[in-house]
Amino acid sequence: MNVSLLTLFLLFIAPSVKAKNIAFTDSSVVKKMPVIEFPNSLVKQNYTTNVLKISPTLFLRNIAALSYVHTFTPTFGVVGSLGICYGKDNLFGKVNVFATTYFQNLYSTNFPLELYNKSKFYAPTGYMYIAPKFIFKSIKPNKGSYVELGYTRYNNSTAYVPTNTYGNNVSFKYVTFSGSRKLKFIYETFAVKFGYQWWLSKNKVSLTNEVFFNIGIQTLNFTNIVQTYNIASINMQGPSYNYIQTTFSGYDRAYAPVINVGYSFGIGLTKKTTSNLK
């Protein structure tokens, strides 16, 4: 009796098991199963390994420079710029905090801005910028923000033009100048650059655009002029003075905070693709 019941039970469930196996392995059923796909921006990321660019905003300061960016990974690269200063820095001569933040040397009697505005452009000089670049990952293709820790160095070479004024209430009979009239204004800046970049296409060669904001500190080393005077004569209008100007042999130094904005554009070359899911 027990054997008969077992036999009937096996005969009953065997077709059911076979039917279930066929239903699970049926290709028509498998095709209907949903397939989970990840967006391309999450699975892989395109990045440009080489960029050549210029910054039109530097032209406002009479600086022409070519920058090169090499990206080692989607999140890290280096930036280098070389150029020339072909004129006086327009912004320095008009809006500059060195006029009020100058730490006066024992032998100097001029503020940097005063000297700068009393001198003329003399000769072109060099410009350089170098920085590591840290790029933030973005789910938006061909767009993203970055941070650079930059060092900038450039200088202006000028020729000083002696003047015969020393305050509103002093008049000079003679002006004597001693030493070279060639002055140097050497700028060194350490700044953090916050930027946003985007590319106009996904091709291997594409136009790139950037807007950025800098904040940091700038050091100015400059040639100063020592100014002295003595009484030349006295008349009814008051005393007249001999005005003596002498070029200081060393450099004076000043410090000031730096805040500026800018824009650059260029050409990106040699795109690579890497996976974000590891």
Test side-chain hydrogen bond (donor to acceptor under 3.5 Å, both in side chains) applied to Ser145 - qualifying residues, sequence neighbours left out: none
Ser119: side-chain hydrogen bond (donor to acceptor under 3.5 Å, both in side chains) partners, not counting sequence neighbours: Thr158
Shared hydrophobic cluster for Leu60 and Val261 (ILVMFWY, side-chain gaps under 4.5 Å): no
Partner set under side-chain hydrogen bond (donor to acceptor under 3.5 Å, both in side chains) for Lys120, not counting sequence neighbours: none
Arg253 vs Thr219, side-chain contact (heavy atoms from CB on, under 4.5 Å): CA-CA, chis, key distance, verdict: CA-CA 7 Å; Arg253 178 173 293 181; Thr219 301; 3.8 Å; yes
4.5 Å side-chain heavy-atom contact, Tyr251 and Ile186: yes
Residue pair Thr152 / Thr189, side-chain donor-acceptor N/O under 3.5 Å: no
CA sep, side-chain torsions, deciding dist, call: Phe185, Tyr116, ring-ring contact (aromatic ring centres under 6.0 Å, His included): CA-CA 8 Å; Phe185 296 82; Tyr116 196 77; 4.9 Å; yes
Residues forming a ring pair (Phe, Tyr, Trp, His ring centres under 6.0 Å) with Phe194, sequence neighbours excluded: none
Which residues share a salt bridge (Lys or Arg N to Asp or Glu O under 4.0 Å) with Glu210, sequence neighbours left out: Lys53, Lys133
Residue pair Cys85 / Asn156, side-chain heavy-atom distance below 4.5 Å: yes
Donor-acceptor pair, side chain of Asn155 and main chain of Gly126, under 3.5 angstrom: no
Transitive ILVMFWY cluster of Phe212, excluding itself - 4.5 Å side-chain cut-off: Ile135, Tyr146
pair Asn221-Glu188: side-chain heavy atoms closer than 4.5 Å: yes
Stepwise side-chain contact (heavy atoms from CB on, under 4.5 Å) check, Glu148 with Val192: CA-CA 6 Å; Glu148 293 176 9; Val192 181; over 6 Å; no
Pairs satisfying salt bridge (Lys or Arg N to Asp or Glu O under 4.0 Å), at least one member in residues 66-78, at least two apart: none
Worked verdict on Asn50 versus Tyr68 for side-chain hydrogen bond (donor to acceptor under 3.5 Å, both in side chains): CA-CA 7 Å; Asn50 299 284; Tyr68 171 70; 2.4 Å; yes
ILVMFWY cluster membership beyond Trp199 - transitive side-chain contacts under 4.5 angstrom: none
CA sep, side-chain torsions, deciding dist, call: Val78, Val69, side-chain contact (heavy atoms from CB on, under 4.5 Å): CA-CA 6 Å; Val78 293; Val69 184; over 6 Å; no
Backbone N/O of Gly77 and side chain of Thr71: donor-acceptor pair under 3.5 Å: no
Cluster link Val211 to Leu207, ILVMFWY, side chain under 4.5 Å: yes
N/O donor-acceptor pair under 3.5 Å between Ser157 side chain and Lys184 backbone: no
Ring centroid separation Phe76 to Phe134 under 6.0 Å: yes
Hphob cluster co-occupancy, Ile267 + Leu200, side-chain heavy atoms under 4.5 angstrom: yes
By side-chain contact (heavy atoms from CB on, under 4.5 Å) - contacts of Asn260 (at least two apart): Arg61, Asn214, Val258
Members sharing Tyr122's hydrophobic cluster (side chains within less than 4.5 Å): none
Tyr263-Val51 co-clustered via ILVMFWY side chain contacts under 4.5 Å: no
Tyr151 and Phe190 aromatic ring geometry - parallel, tilted or perpendicular at 30°/60° bounds: tilted
Any residue meeting side-chain contact (heavy atoms from CB on, under 4.5 Å) with Ile54, in chain and number order, not counting sequence neighbours: Leu66, Phe265
Path from Phe136 to Phe213 over hydrophobic side-chain contacts below 4.5 Å: yes
Thr49 side chain near Phe72 side chain, heavy-atom distance below 4.5 Å: no
side-chain hydrogen bond (donor to acceptor under 3.5 Å, both in side chains) against Tyr196, all qualifying residues, sequence neighbours excluded: none
Asn209 and Gln197: CA distance, side-chain angles, deciding distance, side-chain contact (heavy atoms from CB on, under 4.5 Å) verdict: CA-CA 6 Å; Asn209 295 271; Gln197 59 189 5; over 6 Å; no
